[in-house]
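Following: one structure in structure tokens, then a few remarks.
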Amino acid sequence: MAELPAPRRGGPFLRLPLFEGPLDLLLHLCRRQAVSLAEVPLATVTAQFLAYLDVMERLELEVAGEFVETAALLCLLKSRELLPTPPPEEPGEAVADPRRELLARLLDLKRYRALARELERLPWRDRDFFLRPAVVEGEVGADEEGALQIEPLDLLIALRDLLEVRRRAKVVHEAPAPRKRLQDRLDEVMDRLRATGASTLWDLLTDDDAPQLRAQLVLTILALLELARQGRLRMDQPEHLAAIAVRVVEAQA
Amino acid sequence: MDPFLTARVEAILFVADRPLSQQEIAVRLDDPAVDGELLAEVLALLALRHPATPDRGFALFQLGGRYQLRSTPPVAPLLRRVAGRKPTRLSRAALEVLAIVAFRQPCTRGDVERVRGVECGPVLRSLLEKRLVRVAGRREEPGRPSAYAVTPELLSVLGLGSLDELPNLREFTALGPEDLADLVELGADAGEQQVTFEEYATRQALARVDAAVDERLRRTESAEERPT
């Protein structure tokens, strides 16, 4: 096979997948065949599809499981075409045509591809045009004070940012810290909040004897969630991407 | 014309984060004395006051019956530099997922993956983080998967007043299978201005793979034709 470019020693010669998925490859084949999608000749397409998989594997390009699945489907369809169509189980029932279904999926993908390109072509904010810095107009889900409701995603993003900071800070030596119990941490957080009145999520998460320890971070997060669940504190986010404020809930007299 | 009315409408447009229709402006005005005709006059006056001439950095734009004050195209490069923050740059995969969610919402990750034929988890997560997509409840089926929809932020980023303004939605859904098959693939072959290195490398690699496959098939065919 003198034609195949030899893979470089030490790894695949191109790390980027050529085709994101089997439908991608099928569309590429249809385009090369230059036929209307409705007239896709199954035998040729199947042979080409398999050839592509083989070439890509030899070149050590990534071939995900979905490709093999589609290759199997194509072979099945091809073999079905050689046999007479079986009569439907019950009279009047429409025969399911997997070929038509595959075509419909290809068309769908093509349609959305074109739409995606159109989206890219629109003028985009912060790239082609600019607005005044955002003034949030009465967002859906705001509470009485105008703050946004916190979604679990916001907490996850905050935690991820924090872990990222921790990862970047080069820890020379981690001294083992005494393990704390959840209850202790609950009390510590409440004490801290009562002392300062209110705080931000960030401050609470970083206020610890051993902030580098992941376990401690998790413990603090659990403590905050538990306290929120008990209704002893509340968290608000005044606007998008702003710091999450944590407040003690006044006990009912 | 009541100058304070002009001021109020101008102010509403000033703080809006997406294009507003006349109706939406009226709702925000909340003034029973102002009817459609009067509002239209005010908007015409404001359009004259904020023309998109070369000496203006921002102007009142009207797109599909909606109004928005936004910067003019010539100053975009300058503002990109001044703003500093990187604009939302989406990959082709992200744009496809966005297109699917926008036109099929609410839809699950499974729906999206079925269209694209690949896994879309990480892309969806990224769009969630950018707040272009949100969770809009769950579908009542085994596994109770989350259903996704687009957000008002997406409308703001695309400079749209509503999803109905998304381009060519009508055209694409009205076309039949035979028409779609003849669609010329836009973009890749139509002289794109800028190709990223990855795209270039991918196309080169693809060309080589195409050639290798053709050669292979040719050999297989000639091998089959040879008399045993």
Side-chain angles (χ1 to χ4, degrees), chain A residues 1 3-5 13-14 16 18 20-24 28 31-32 35-38 47-48 51-52 54-56 59 61 64 66 70 103-105 107-132 134-137 139 151 153 157 240, chain B residues 14-17 58 68-73 76 79-80 83 85 87-90 92-93 95-96 98-100 103 114-118 128-129 131 156-160 166-169 172 177-178 180-183 185-187 198 201-202 205-206 208-213 215-217 220:
Chain A
M1 298 286 286
E3 310 297 330
L4 278 179
F13 91 97
L14 183 70
L16 304 164
L18 278 186
E20 262 188 283
L23 296 184
D24 227 341
H28 177 69
R31 196 180 353 154
R32 290 198 82 208
V35 291
S36 153
L37 279 179
Q48 287 190 345
Y52 269 91
D54 192 47
V55 165
M56 276 164 31
L59 295 176
L61 296 172
E66 293 112 348
T70 307
L103 274 178
R105 285 180 69 188
L107 284 169
D108 244 2
L109 181 57
K110 200 167 176 182
R111 189 186 279 148
Y112 285 109
R113 281 266 160 85
L115 283 168
R117 276 193 291 268
E118 284 300 307
L119 281 184
E120 226 294 321
R121 247 185 276 268
L122 286 175
W124 280 56
R125 197 193 74 199
D126 298 336
R127 182 185 78 184
D128 308 302
F129 71 90
F130 291 77
L131 304 175
R132 283 199 68 250
V135 171
V136 178
E137 278 182 347
E139 293 272 321
E151 291 167 28
L153 180 65
I157 292 178
H240 283 306
Chain B
F14 188 50
V15 299
D17 68 343
F58 66 90
Q68 186 178 43
L69 283 168
R70 50 160 83 163
S71 63
T72 54
L79 290 180
R80 277 197 289 267
R85 57 183 165 176
T88 323
R89 217 163 259 294
L90 294 185
R92 183 173 68 81
L95 283 166
E96 282 174 27
L98 209 49
I100 296 165
F103 293 122
R114 187 152 173 77
V115 172
R116 297 193 67 230
V118 275
L128 270 172
E129 279 177 22
R131 293 183 194 273
S156 174
V157 166
L158 294 178
L160 300 173
L166 278 171
N168 303 323
L169 169 61
F172 278 110
E178 42 303 300
L180 279 174
D182 297 322
L183 257 182
E185 293 269 354
L186 309 161
E198 283 116 346
T202 308
L206 191 54
R208 290 159 85 188
V209 171
D210 284 345
V213 168
E215 176 61 30
R216 185 171 212 281
L217 288 172
T220 316

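Just so it is clear, the values below take in all heavy atoms, side chains as well, and ignore hydrogens, waters and symmetry mates. Chain A is the first sequence line, chain B the second, and so forth, proteins listed ahead of strands; every chain is numbered from 1. Since this is a predicted model, take the numbers as computed values, not measurements.
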* Is NZ or CZ of B:Arg116 both nearer than 6.0 Å to the six-membered ring centre of A:Tyr112 and within 45° of the ring axis? -> no

* **chain A contact via B:Leu79 - which portion, at a heavy-atom distance below 4.5 Å** => both

* Measure B:Phe58 against the heavy atoms of chain A and call it side chain, backbone, both or neither at under 4.5 Å. => neither

* Asked: CZ/B:Arg114 to CG/A:Asp108 distance, rounded to the nearest 0.5 angstrom?
  -> 9.5 Å

* Asked: Among A:Pro22, A:Ala116, A:Pro123, who wins on heavy-atom pairs under 4.5 Å with chain B?
  ->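 If we count pairs closer than 4.5 Å to chain B, A:Ala116 comes out on top.
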
* Largest heavy-atom contact set with chain A, pairs under 4.5 Å, which of B:Ser71, B:Ala76, B:Gly159 ->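 The answer is B:Ser71.
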
* **Salt bridge A:Arg117-A:Glu120, side-chain N to carboxylate O under 4.0 Å** => no

* In plain terms, say whether A:Asp128 and B:Arg70 are close enough for a salt bridge, that is, a side-chain N and a carboxylate O under 4.0 Å apart. =>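 Here A:Asp128 does not pair with B:Arg70 in a salt bridge, since their nearest N and O are not under 4.0 Å apart.
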
